[in-house]
Amino acid sequence: MKNLIKILSICAVFASCTKSSGFLENKTNALDETQVFSDSLRTIQFLNGIYAEGTYGNTDYAGIGYSFNKRRWETHGNTEQSTDDAEYSLSATTRPSVMLYQGTFSASNYGQNPPATDFWAIPYRNIRRCNLLLSKLSGTPLSQYMQSRIKGETRCLRAWYYMELLIVYGGVPNVGNNVYGIDDILNIPRQNFADLVTYLSNELDTAAQLLPVPNAPFPAGYDNLDYGRVTKGTCMGLKSRLLLYAASPLFNGEAIPAATAEQVPLVSYPAYSVSRWQAAADAALAVINSGYYSLYVNNTQPGLGFYQGFLTRVNPEMIFGVYRPVNKDFESYYLPGTRGGSNYSRATQNIAEAFPMKNGKAITDPTSGFDPNNPFVNRDPRFRYTIIYNGSKYLNNSSVQDFVWTFTGTGQTSDAYSAGANTGYYVRKMCDSTITNSVGTGPSRTWPLMRYAEILLNYAEAINETGQTSLAYPKLVELRARAGIDPGVDNLYGMKANMTQVEMRAFIQNERHIELAYEDHRWNDIRRWKIAMTLYNGGSSGYNRVMHVTRIGTAGSLTTGIGLTFTYTIENTIRLHVFRPEMYLLPIQDAEIRKMPAMIQNPGW
Amino acid sequence: MKDGNCDFKNPFSLKAYTMKKFFFFLFAILFVISISSFAQSNKVTGVVSDSSGGAIVGASVVEKGLPSNGTSTNASGRFTITLKGASRTLLVTNISFEPREFHVGNATNVQIVLKSSSGSLADVVVIGYGRQKKITLTGAVSSVSGVELRENPTASVQNTLAGRLPGFFSQQTSGRPGADGATFYIRGISSYNTGSSSPLIIVDDIEYSYDQFSRIDPNEIETLSILKDASTTAVYGVRGANGVVVVTTRRGKISAPQISFRGEMSLQQPTIMPHFLNAYETALLYNVARKNDNQTPYFSDKDLAGYRDHTDPYRYPDINWREVLFKNFSKQYRGNFDITGGTEKVKYFISAGYLFQDGMVKDFSSRAGINNNYYNQRYNYRSNLDMKVTQTTDLRLDLYGNISQINVPQIGSPNGWNDLFADYSSFLTLAPFAYPIYNPDGSFGYSKWQLSPGTGGSVYDVNNVVGRLTYLGYTRTFENNMNLAGTVNQRLDFITRGLSLKGTLSYASSYGDPGNANTVSMSGSEFPSFYLDTTTNTYLPRSTNVYRVRRLIRSSSNGSTIRNLTTQLFLNYDRTFGSHHFYGLALVSQSSVTKTGSSAYNFIPNNFRGFTGRLGYDYRQKYLIEFNGAYNGSDRFSKGHRYGFFPAGSAGWNISEEPFFKNNIAFINRFKIRGSYGLVGNDKLGSNFTYYYQQIYNSGGNQVFFGNPNPNAASATWEGGLGNPDVSWEKEKKADVAIDMSLFKNKLSVTVDYFKNNRYDILTDRSGRIDSRFGSVSAVFGQTLPPVNLGKVSNRGIEVELNYSNKIGKDLNYAVKGTYSYAKNEILFADEPSYQYGYQAFTGNSINMQRVYTWIGFYRDSADIAKSAKPAQAVRPGDLKYADLNGDGIIDGYDQKVQGYPNVPNTTAGLQLSVRYKGFNIGIFFQGAMNFNVRGLAESILAFGSNLTSVHQQAWTPELGDNAKFPLLTFLPGISDPRGTPSTFWLIRGDYIRLKTAEIGYTLPASWVRPLKVKSIRIYSNGYNLFTWTKLNKLYQLDPEINQGSSGTSGTDRVNYPPQRTINFGLSITF
């Protein structure tokens, strides 16, 4: 009996451990779909997630979905390093930037490590988020007004992500408003280029109707706390960009020669039409005429406005941006080693040469006054605000405005030119020269995704292509005046009067190159203008050029900069760029085509 | 809690309640124990057990000199005999054990331990939730004794097992103190799902993690078994598919207190450490590469002469970094102390262990008043108590754990590696001419080279390495594992004989596991160093605004605790009716693991519940049959998909027990055939999921910063991967057939197993996020898909174990043991896109084979280039040439083929030879592995990424042609780059043979030690990883077991802390 009691008590102890209701039930208190969309704050946070791109917990990558991020791939690297604007400090053959300039990017190797997924997967991920939000919006407790505004924001952002795809691939699968579930089998063909442009253009028109006017006071406009969300102006600006892309040589009836009859409508309009240029010009003009935006002008020093705009949070020029808190994003990325930066991306001689003189004349113009033995003086003010060259002044880590020396020779620093590595230049644009990456507090600055200067250039480019070259002049004058270029006697700011359409085209391409440098336009522009082949496949120009400054002797003072003598040698880098005709559009990843065989690959891949 | 009621909704209070009550119960029993008095009597009762304490049933007990006065032991090993003669001695015999004469003296209650007779078939083996005689075993189990494990001086217990246990595959990828435990698999890998191939580890019925396992002190281990087939793993049901490691610890025996002490001192050095070329040789090759790239030479003739002649070591440093940074030998100390003994009432085994494993780095940091060398310091403790509470009630109470401290220097290596060995292998960080260590004035040296190193960029501009080792501090990780387990065993013979009830409750608390470490760091930052400006001949600071050494700053991160509460309730039955032996087990077990996780899962318990049954029968140990099954539930799956049934059946036939066999084939003592078949499961899917069926929305603060004029930080929320309510676990059908034989008077024993495992329903993420190789749903879907049960893998192989032991003369014993294991897997189905070219598919190949180009030689000259298939980028003579598999004339991604071998060997073998002569013993043990590939990239092989080795001196030149051992030296990443274009050129077979351990020992004669009041003294020396012969050195100077990246397919990108060769000296004293 005693035994039995004991045994029963043991059993009881164990039974009490085993018996518990819901031992295997879910015990998380995690958010789920119902919680998110039945709460107005969480619904807005879901929308924020599309703006922030869901790289939760990794601030390095925040905003990656906008593609502008300098840390687009791994912690460094973006498309600018695959163009003539910049040399990449790293050279491993698996980095997407390197694969792009080496021409080794293919459907089957697709930036494997690190993956270049953001060309394809990240846009679709965000498009799904937009669709999910749109599908849930009517069930949320938000007011009608807020629902309509969020609908506008979401549709605008969705169009943005489609445009990211369109400029890289041409027509892509359009998932419409679908939010797929785990039982859906996806095999969606690519939408024709023309239809996708129409779809996006209509979407942007609709979104514009739903969104407030920029700078409109609350409650008709955004509350101050919401400053930075997309507006009606953003939609109009995006439409201008979309129609300009669509009218460009790459898509406007000049499909890549290798395209088959099946591919042509997917990657372009089958036939050229000048009316597309007109539509692009009209869209740009609509933004200009709206009066929502203006250039950020400050010519207390020539061109200072051009420079400061990038350091200023609230800014009449900004149409769409990634609004950041106090940060040193660009200082850490671009600055030379002596300023604590990583200079992943280093400026080239190619872009240095693209800047005219302060009188507005190209340096190739014999009357420009350019002196190859003193190449950095009297240049377009934007030159010194975009590029750090030998003898530029920049705050040093001891908080003194001091010279950056890129020369080789006596007294050279770690910033010195080095074959295959330092180019002799660094990037200053968007960096605050009153701080370094080691010293001082960064500005609360915005990454410019789209600004008014681009709209002016869009208009000039489009209107010139319609044959109305003279209409391009006033917009370019406006830009150049803000840049701090001398007006000249003819008030043309160094522009040649009465340019032909061809001359004007080249001029605008150059102006766009320097005005929008390092803002994630160049790689798209050289493809849509179809000039990449000429840039990179003409013999030695397959190499970017760099500036090797050599100090002669030891005379002079490195502290005052007085009495130094230099020679200037332009050299090729050692990294060959290869561009082949099919690279005007990137291949769709082979595995993706295998997964959705209804998609047709891009021509030549 | 006050009123004593359990709150069942709250798991924490439930636990607290149960624990409290349970221990009250235990202690109450303890106090009741009384000690019986002694008296001379003719009636003697006793227990006969084996060396591990297991009762021996049916042993014959006969009084010496009176053969008619005998009895045999009952189901619990007990006997009663009334002595009639004067010898007061018992003769105890049983099959499989050495006969023993036992002098009873005046005792009335005796404990008689029988030693196993030679031949492994005789042993009792530990299996899941019990032990079995090997003779009646029908499952596939391999065991190794703690004694054998203790012959190996390595710090992590799993490093001792490779080659000793057939079916055990392992790779020791690092020798870093505190992180040198090998990863291991039982019968290879059966799932391509990363993170799901690791076996279950059970120590005294409690589940252990890999890290806990590697911190066990081998001195505490009694036996270690691996369970390999369905019949032995089915009892673990949903967790058994990867095989199970079962460890039992040492327990007390009836004896006077016996005190043992072991002290060991070891010297360690790396198995291999790359020898890099000196400054002159490196500079020459640097110029060659410049020339190949049409660049002017970087080093002038004067420079080269400087490096060659060492006339100006400040301007032309030539540093052998290996000598500068690393010791020739690092030390390891190990000590154990244990007390064991007991009476019939209480038996105890109490031990304490200490391990100190020092690192390879020379001491620089004592200058800064700290110790930042790598080290691992560990204290282990264990107290195993067995108490006999009543005649039918046993109580076990085990308290054990370890406290460890692991130190790692902060190095500030480039790329955030924080690994001195990465610095050592990196050309851009530590070229032989990088900088002089000290300047003439004693300050730290630096150089212009390092300020702007070649093509490396500022990433590699890291300060003087000796300075970094002196001033940058350390990170110290603290761990504290504490476990408490209590077991009550109640024999229920009064209900029916052979029945017993056992309950186990264990609580494990592990603080600061590596996944969530509890660390204290002392971190330095900048310190001044100066470089020689060669043009002005002046010394300049590396960084103009660093004037002094910054002080060390302490920081700490608090880890968290993993709590694991396991309860088990067993009903055991074991009874023999004449020739019929029945046994059975019914078990309810549940465990609850609580640990930190992602925000949604933080400290949410991970619960598991299982019901296990076993039924066995044998007839005269001749016909054997057993059924095992488990009905398990795991909370990782949705309701309705939580529980599964995992049955297995096995049978055996001891043919040698048949008269026709026994009478005719005399030289075979045992011949058993056995087989098993059954189903087991696996519920692991790596760390990516907790509840597989649930979709979680994540949110994060400070994600968007709208606002005018000031940024307004706001949160964001995202949809997480979709959930799949129908998901279930991976399943595996395991089949095993085997022969167990012992021959020539049990001197030779042979076991041969053939197995075939079919894993199916492999958890697969169809969007390819977890493994980009698999998944067939386009990214256009826009979200991660939940795991579904899809894939199929077959894994088959063969295992052989041979043991031979014999005597020459009276004193010379020798034994030979050989093992051979082969396990080859094949992916039968995986969710892959249908590739244009079949050779690109992973399906049909072994898991973790790599998709690489096929190397067919070098491009010879421009004519050869013109007529060969080429990649998009420019190629030059001396570049690697690849096969154009799809024949389109272009070398691109479509020419990559899944080929070669995986990174884990599919064959492993061991050979152990041991000789014992009087007090001497000598043992050597060779281990080898075959059929696996190693691939290096970046800092492990790439010229000028890695420092240069002799293989780079044989880089391609027109003269060398196809005899070259390395492609053209260059700074331009191209087609020959091992990172961008992995090819069979870089894929080298790592097959190796190692002298894994060797031991020589001498036990001092009893006559010498008796005057010292010591029972025995043994001195010994043993070694680990003593010699290695490998095919890998054709290209790499790496250890063949080198780390191969997370999924085993990315290759090794640098040298890391190499596995160590250990030479150990030890002394063991028993009082």
Side-chain angles (χ1 to χ4, degrees), chain A residues 7 10 13-14 17-18 20-21 23-24 26-28 30-31 36 42 45-46 48-49 51-52 54 56 89 91-94 102-104 106 108-109 120-121 124-125 128 173 180 182 186 224-229 314 323-325 337 397-398 410 414 418 420-421 444 578 591-592 594-596, chain B residues 6 8 14 18 21-22 293 451-452 455 457-458 488 490 503 535-536 545 567 569 588 590 600-601 604 607 633 635 642 691 696-698 700 703-709 711-712 714-718 722 724 776 778-783 833-835 872-874 892-894 973 977 979-980:
Chain A
I7 292 154
I10 296 172
V13 169
F14 281 95
C17 299
T18 3
S20 56
S21 56
F23 184 65
L24 299 183
N26 175 359
K27 293 173 189 68
T28 67
L31 286 178
V36 169
R42 291 212 172 102
Q45 286 176 351
F46 188 87
N48 288 349
Y51 277 101
Y56 168 59
S89 70
S91 60
T93 46
T94 48
Q102 278 199 328
T104 51
S106 78
S108 54
N109 70 1
W120 181 259
Y124 276 111
R125 190 161 80 199
R128 178 189 167 90
Y180 297 104
I182 59 171
L186 265 64
N224 273 342
L225 286 178
D226 282 322
Y227 175 84
R229 291 182 180 273
V314 177
Y323 284 80
R324 297 275 290 139
N397 287 340
S398 308
T410 306
S414 59
S418 159
S444 168
V578 174
E592 286 291 307
R594 302 286 145 217
K595 291 169 181 177
M596 295 214 306
Chain B
C6 288
F8 292 123
L14 169 67
T18 341
K21 183 147 187 185
F22 181 68
D293 293 349
L451 277 170
S452 187
T455 52
S458 53
V488 181
Q490 173 67 49
T535 36
T536 57
N545 59 341
T567 49
L569 189 64
V588 186
Q590 73 176 34
Y601 299 118
I604 300 286
N607 290 340
D635 69 347
R642 254 171 217 158
Y691 295 113
I696 299 276
Y697 276 59
N698 293 308
Q703 293 293 326
V704 290
F705 297 88
F706 300 121
N708 174 13
N712 168 40
S715 306
T717 298
W718 301 275
L722 301 178
N724 176 6
S776 65
S778 164
V780 169
F781 190 93
Q783 185 50 271
S834 56
Y835 287 105
Q873 73 263 53
D892 60 13
Y894 297 114
D977 190 297
R979 297 165 296 181

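Keep in mind that the numbers below use all heavy atoms, side chains included, and drop hydrogens, waters and symmetry copies. Every value quoted in this text rests on a predicted model; they were computed, and no experiment measured them. Chain letters run A, B, ... following the sequence lines, proteins first and then strands; every chain starts at 1.
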Q) Should the ring pair A/Phe46 and B/Tyr697 be called parallel, tilted or perpendicular, given that the plane angle runs from 0 to 90° and is split at 30 and 60? A) tilted
Q. What part of A/Thr410 gets closer than 4.5 Å to chain B, counting heavy atoms only: side chain, backbone, both or neither?
A. both
Q. Which answer fits A/Arg594, side chain, backbone, both or neither, if we ask what part of it has an atom under 4.5 Å from a heavy atom of chain B?
A. both
Q: Spell out, as yes or no, whether a donor-acceptor pair under 3.5 Å connects the side chain of A/Arg125 to the backbone of B/Ala779.
A: no
(Q) Using 30° and 60° as the class boundaries, would you call the ring planes of A/Tyr323 and A/Tyr227 parallel, tilted or perpendicular? (A) perpendicular
**Q.** Reported CG-to-OG1 distance for the pair B/Asp977 and A/Thr93, which is rounded to 0.5 angstrom
**A.** 3.5 Å
Q) Distance from B/Ser776 atom OG to A/Lys595 atom NZ, nearest 0.5 Å? A) 7.0 Å
Q | Segment of A/Leu186 engaging chain B (4.5 angstrom heavy-atom cut-off) | A | side chain
Q: Return the option, out of A/Arg229, A/Gln102, A/Arg42, with the maximum number of heavy-atom pairs under 4.5 Å with chain B.
A: A/Arg229
Q) When only pairs under 4.5 Å are counted, which of A/Gly103, A/Pro325, A/Ser398 shares the most heavy-atom pairs with chain B? A) A/Pro325
(Q) As an exercise: rank B/Val704, B/Val780, B/Asp293 by heavy-atom pairs under 4.5 Å with chain A and give me the winner. (A) B/Val780
